[in-house]
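Have a look at this one before I ask anything.
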Amino acid sequence: MRDINPADKEWLQREARRLGLSMEELVRRLIHTARERAKLRTSPSEAFRELFGEKHGVELPTLRRFAYRPLDFRDEGGG
């Protein structure tokens with residue numbers, strides 16, 4: 001546990017002591033919990049599809065990929 005804010009470290013130590021864990025174990029559990037919660041989050045497009053998708057009578061546009069195309073400033077008229 002290097003380069004951690006001293007106030008945060010004190011909080012971690014207090015919480016670990018209160019729970020009867022080592023500070024490292026508490027941090028491991030916090031990281032595990034955060035990762036599990038992140039798995040449950042849906043992306044905005046998935047949430048939109050669930051709320052307004054085919055189940056609800058809305059036809060959504062097909063998924064497309066848009067690539068970066070550099071601008072071309074050449075004169076198209078040729079003169």
Taking atom CD of Gln13 and atom CZ of Arg18, what is their separation to the nearest 0.5 Å?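 Rounded to the nearest 0.5 Å, the CD-CZ separation comes to 14.5 Å.
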
Point-to-point distance, once rounded to the nearest 0.5 Å, from CZ of Arg17 to CE of Met23: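 Separation between the atoms: 10.5 Å.
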
Tell me, please, which residues at least two apart from Glu25 pass side chain to side chain contact (heavy atoms under 4.5 Å, CB included).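 In terms of side chain to side chain contact (heavy atoms under 4.5 Å, CB included), with neighbours along the sequence ignored, Glu25 is linked to Leu21, Ser22, Arg28, Arg29.
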
Does Ser43 have any side-chain hydrogen bond (donor to acceptor under 3.5 Å, both in side chains) partners at least two apart in sequence or in another chain, and if so, which?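 Expected list: Ser45.
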
Holding to side chain to side chain contact (heavy atoms under 4.5 Å, CB included), I want the full list of residues that pass it with Ile31, two or more places apart in sequence or in another chain.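 With neighbours one apart ignored, the set is Val27, Arg35.
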
Calculate, to the nearest 0.5 Å, the distance between atoms CG and CD1 belonging to Leu12 and Ile4 respectively.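 If I round to the nearest 0.5 Å, the distance is 5.0 Å.
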
